[in-house]
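To start, the structure under review is shown below, and the notes come after it.
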Protein chains: 2
Amino acid sequence: MHPLDATRALMEGLGSESSICMKCGSRSVGLCAPLDAAALDDMSGESERLAFDQRDAIFRQGDAARHVYTLTEGMARLTRVLPDGRQAVIGFRFAGDILGFTPEAEHAFGAEMLTRGTVCRLDRRRLEQMFRRYPVMERRFLDLCVKELSASQDHILALGRFSAEERVAAFLVSLAEAQERRGHVGPVFDLPTTRADIGEFLGLTLETVSRAVSSFRKRGWIRLHGHSGIELSDRNALACLAAGEGADAA
Amino acid sequence: MHPLDATRALMEGLGSESSICMKCGSRSVGLCAPLDAAALDDMSGESERLAFDQRDAIFRQGDAARHVYTLTEGMARLTRVLPDGRQAVIGFRFAGDILGFTPEAEHAFGAEMLTRGTVCRLDRRRLEQMFRRYPVMERRFLDLCVKELSASQDHILALGRFSAEERVAAFLVSLAEAQERRGHVGPVFDLPTTRADIGEFLGLTLETVSRAVSSFRKRGWIRLHGHSGIELSDRNALACLAAGEGADAA
DNA sequence: CGGCACTTTGATCGTGGTCAATAAGTGTGG
DNA sequence: CCACACTTATTGACCACGATCAAAGTGCCG
């Protein structure tokens, strides 16, 4: 395994760049790629497009899982809460990702927008129909699901074994890679998450995240541009830290 | 969500009590339940039974993923290693569980026996054939996979938000529930893991696990029987601690 | 009985959490 | 355009949980 695979997968989720929405933008590859025109036609017309503001909930933990969503614009976070109020961010999702797919009756986590954006919503029963009609689609869901499982396990490894700075470095590198995979160019990336969000994702407090970021800045590894821009000036240094240093600094 | 759902799922993995092995014991329910006799016949005869000693590797991280396994006797741990040598136990598996199913070319984690036991091995291409012939089986894999994903997310929450004692309590309760789900009766459970294994699963050192266990013992919550027997004398206390205390001590 | 692996317990240290004050952005209305 | 309120970020001081280092203790197998 390449040293960065763990961190690379850290933020990737179910269906990166795999929209299930036919009419909502050009990213409709992945899941639907194996379908023919008739199948696409079959499915489109059923999905609704919804607009959300920053901090709006797309769905909440415990809601009846009646729909499956495709994030078409913006960035969202997935959160899970404990009965005593403690909560954790279990992942972030970007344009093109699928949200809220589950065979269970209720959503096991909530999804909230970090930016304003749009979402496409497909009735779950409709998706089940599609599965019956086009089994290849179901297989793609299975593959994506196993991939996400693998990413979760990497996150488990990070939470259990990485120091605070290693986790923050891994997060920043993953964020950059996720944006590049979606066509971003240039050294300045978007960081729409608050320190608190990052902390809840990494199992740290917002102060610790802030200290790590400051430390990277003082070392010249990153530069902040405004309130939601971040430049990775020494990405290799971050990547090494994220992967467990001494291993193989390629 | 019930307060214990998180901890309950903590140790459950892909295919609890869902053997894919036809000739290896009576637990062949779950995955194959929807198949008819002809289908079962179709698949049996292809699987091989293998015996392992304690600490033997069933497969290693990075191995070509040529087979899918069903653990038929004993208990195993799944481990993932970082290039710098740090490793984490990402889960435990019991009799009836499925191991090593992945659409990838290589296993993303290794599996080792904690006890001596037996495993049934099915060629992966054979399984793919089965999927094509009996699509309902593929759907069951998808469902199990989503369940496991949910369990991983609970573990993420535990690692990120639980204190050392909470994690150990959650582990013990989950262990007991996993054994009960497999037919175990009585207050004394099997604890075939070393303190180091538990620590690597929970992101703690073996000393911290030992201290938590001692502390529970002194409080009268548990009692140790020999080297691998544990009695949960005050399970409710453990469960409360595991779920985040004050919530709802039913 | 000795050897070995695992566990327990203690003492000390350090990372990261907590509490608190200040600073820097961001958005709104005058 | 600036003043003000508000949110988010930074930095510092202190503290606690759990890691680390070290030494006995326990049970198991040859």
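Just so it is clear, the model here is predicted, and its values are computed rather than measured. In what follows, every heavy atom counts, from backbone to side chain, and hydrogens, waters and symmetry copies are set aside.
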I'd like to know if [X] and [Y] make a salt bridge, using a cut-off of under 4.0 Å between side-chain N and carboxylate O.
X: A:Asp56; Y: A:Arg116; value: no
X: B:Glu165; Y: B:Arg219; value: yes
X: B:Arg93; Y: B:Glu148; value: yes

Ranking B:Arg55 and A:Ser228 by the position along DNA chain C of their nearest nucleotide, the one closer to 5' is B:Arg55
With sugar-phosphate meaning primed atoms plus P, OP1 and OP2, does B:Gly203 contact a base, only sugar-phosphate, or nothing at under 4.0 Å between heavy atoms? sugar-phosphate
Rounding to an integer number of Å, can you tell me how far [X] [atom1] sits from [N] [atom2]?
X: A:Leu191; N: C:dT26; atom1: CG; atom2: P; value: 13 Å
X: B:Arg161; N: D:dC17; atom1: CZ; atom2: P; value: 17 Å
X: A:Ile198; N: C:dG17; atom1: CD1; atom2: P; value: 14 Å
X: A:Ile230; N: C:dG25; atom1: CD1; atom2: C1'; value: 16 Å
X: A:His227; N: C:dG27; atom1: NE2; atom2: P; value: 10 Å
X: B:Leu204; N: C:dT15; atom1: CG; atom2: C1'; value: 15 Å
X: B:Gln54; N: D:dC28; atom1: CD; atom2: P; value: 13 Å
X: B:Glu166; N: D:dC17; atom1: CD; atom2: C1'; value: 12 Å

Below 3.5 Å is the cut-off: list the nitrogen or oxygen pairs between protein and nucleotides 10-13 of chain D, distance only.
{"from": "D:dT10", "atom 1": "OP2", "to": "A:Arg195", "atom 2": "NE", "distance (Å)": "2.8"}
{"from": "D:dT10", "atom 1": "OP2", "to": "A:Arg195", "atom 2": "NH2", "distance (Å)": "3.3"}
{"from": "D:dT10", "atom 1": "OP2", "to": "A:Ser210", "atom 2": "OG", "distance (Å)": "2.9"}
{"from": "D:dT10", "atom 1": "O5'", "to": "A:Ser210", "atom 2": "OG", "distance (Å)": "3.4"}
{"from": "D:dT11", "atom 1": "OP2", "to": "A:Ser214", "atom 2": "OG", "distance (Å)": "2.7"}
{"from": "D:dG12", "atom 1": "N7", "to": "A:Arg211", "atom 2": "NH1", "distance (Å)": "3.1"}
{"from": "D:dG12", "atom 1": "O6", "to": "A:Arg211", "atom 2": "NH2", "distance (Å)": "3.3"}

How are the rings of A:Phe59 and A:His107 set relative to one another: parallel (under 30°), tilted (30 to 60°) or perpendicular (over 60°)? parallel
Is it the case that A:Gln87 and A:Thr79 place a side-chain donor and acceptor less than 3.5 Å from each other? no
### Message
Would you say A:Ser152 and B:Gln153 are linked by a side-chain donor-acceptor pair, where the criterion is simply a distance under 3.5 Å?
### Response
no
